[in-house]
Amino acid sequence: MRREMPPTAGLPLSPRELFGAGGGFSRAALEYLDARHGALACSGTACLVLILSALHRLTRRRTVIVPAYTCPLVALAVAHCGLDLRLCDLAADRLDFDLTALARLCDKDTLAIVPTHLAGRVARVAPVKHIAQGCGAFVVEDAAQSFGARRSGRSVGLEGDAGFFSFAAGKGLSLYEGGLWVAREPALASAIERAQNETLAPDAWRELRRCLELAAYALLYRPVFLPWVYGRPLRRSLKKGDLPEAVGDVFPADIPLHPVGAWRQGVGRRAISRLSGFHRQTKIQAERRLAALDRLPGARVFRDTADEEGVWPFFLVCLPDRQSRDRALNRTWGAGLGVTRLFIHALPDYGYLRGRVPPEVCPNARRLAAHSLTVTNSPWLDDAGFERILALFRQALA
Ligand SMILES: *Cc1c(COP(=O)(O)O)cnc(C)c1O
């Protein structure tokens with residue numbers, strides 16, 4: 001194979017951006033969001049740990065409600081803080097909470113509710129805030145996949161009490177690993193800062209490793225090298241039938257907690273100046289391709305309503321049933337076209353999370369896991385490549 005598409009539209013780094021003054025990324029990222037209070041940590045997961053630790057200190061409540069379909073790291077972060085996880089199903093045919101189920105789950109032990117902006121889309125936060133106010137809980141927005149997404153011109157992550165973003169490889173703007181937390185009120189920001197000062201400790205070896213990984217990412221995140229760094233491991237996992245491993249859903253339980261070094265921050269600070277241009281480019285491409293995906297018989301693509309302006313790292317497509325979805329994947333997954341899946345399971349269905357995740361009936365989350373696949377929106381996927389994907393999907397749906 002000559003070329004391979006990445007599964008998401010990451011902002012490619014230019015080698016020039018590896019050189020120059022360090023530091024300054026938190027400030028640049030906060031400015032980008034037009035956010036007042038926040039700071040950088042080594043991952044989105046670390047940010048969630050800091051936020052939850054700070055909240056737990058303010059009240060004795062211990063339950064955290066998260067969507068039943070989300071990143072397994074969210075469950076690991078809650079467990080790391082010694083808090084109790086509760087899962088809320090998604091609404092039918094939506095990516096965010098079933099609000100009726102959410103209202104039922106809330107009680108006087110609810111510490112936080114975590115509405116999640118999945119796949120670059122914009123989740124409803126206002127009704128979640130309303131429910132949270134009714135039971136005295138905090139709202140923490142998981143915007144790990146949606147840095148740059150807006151509702152009514154305002155960035156996601158700023159409507160709840162706190163929020164966080166991820167700069168992991170594969171999430172748009174990359175420091176290889178990194179996260180930014182934000183808080184609306186200065187008092188809560190100070191509390192999270194205190195948790196940060198007590199929790200994060202410099203880790204020189206891990207930082208060195210991340211620097212090498214970021215440099216390698218800058219050099220190898222291109223279609224000619226992706227067969228080696230992305231495609232080969234993917235195809236190996238698919239051959240073994242280990243789907244969680246294929247999409248990178250398996251994480252160690254221990255969560256690194258350290259600051260991000262000055263060099264990686266400098267790289268991110270230089271790259272972020274190109275981000276809004278990149279988002280415009282991927283949005284234009286998305287508008288054309290969304291319409292084509294929507295015309296597939298029985299298919300549904302998640303898109304924005306009038307006041308939502310999400311970002312477009314990939315398209316999340318729902319096919320009519322598991323069989324047609326699997327047929328579509330058989331033709332495309334591992335073929336270098338940038339077709340893959342988001343999280344393989346609803347949280348209760350990961351074997352390795354058993355014991356950390358409560359069993360929960362979550363039919364909508366399970367249906368989304370069973371019916372969906374993702375198509376990259378990388379600018380490297382040209383029209384011919386995209387047409388090829390459409391043709392293979394049409395065969396699968398025939
Ligand atoms: C990736 C992700 C996280 C965790 O972010 P990291 O930076 O990888 O720790 C949390 N929530 C969601 C929805 C994610 O996709």
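Residue numbers run from 1 in the order of the sequence given. First listed ligand is number 1; within each ligand, the first listed atom is number 1.
- Listed by atom number, the atoms of ligand 1 under 4.0 Å from S166 heavy atoms are 5 (O), 6 (P), 7 (O), 8 (O).
- Between K129 and E159 the shortest side-chain heavy-atom distance falls below 4.5 Å.
- Inter-residue side-chain proximity for Y217 and V267 is flagged as unmet; no heavy-atom pair is nearer than 4.5 Å.
- Proximity to L73 (heavy-atom distance under 4.0 Å) selects the following atoms of ligand 1: 4 (C), 8 (O), 9 (O).
- From the protein, the heavy atom lying nearest to atom 13 (C) of ligand 1 is D142 OD2, 3.3 Å.
- Residue contacts with ligand 1 include G178, since one or more of its heavy atoms lies under 4.0 Å from the ligand.
- Near S43, meaning under 4.0 Å from one of its heavy atoms, ligand 1 places the atoms 7 (O), 9 (O).
- Among W380, W228, Y230, the one residue that satisfies the ring pair (Phe, Tyr, Trp, His ring centres under 6.0 Å) test with Y221 is W380.
- Below 4.0 Å from some heavy atom of Q145 lie the following atoms of ligand 1, by number and element: 15 (O).
- Residues L293 and F386 meet the side-chain proximity criterion, which asks for heavy atoms closer than 4.5 Å.
- Smallest separation of non-hydrogen atoms from V114 and T116: O-OG1, 3.1 Å.
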Steps toward side chain to side chain donor-acceptor pair (under 3.5 Å) verdict (E308, T305) = CA-CA 5 Å; E308 298 168 358; T305 58; 3.2 Å; yes
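- Counting the atoms of ligand 1 from 1 in the order shown, those under 4.0 Å from a heavy atom of V74 are 10 (C), 11 (N).
- Considering backbone and side-chain atoms alike, T45 places an N or O below 3.5 Å from some N or O of ligand 1.
- Of all atoms in ligand 1, numbered sequentially from 1 with element shown, those under 4.0 Å from a heavy atom of T70 are 13 (C).
- The contact set between ligand 1 and A144, taken as ligand atoms under 4.0 Å from a residue heavy atom, comprises 2 (C), 3 (C), 10 (C), 11 (N), 12 (C), 14 (C).
- With rounding to the nearest 0.5 angstrom, the CG atom of L73 is 12.5 Å from the NE2 atom of H80.
- No side-chain heavy atom of T282 sits under 4.5 Å from any side-chain heavy atom of V311.
- Distances from ligand 1 to the non-hydrogen atoms of K171 include at least one value under 4.0 Å.
- Those atoms of ligand 1 with a heavy atom of G44 less than 4.0 angstrom away are 5 (O), 6 (P), 7 (O), 9 (O).
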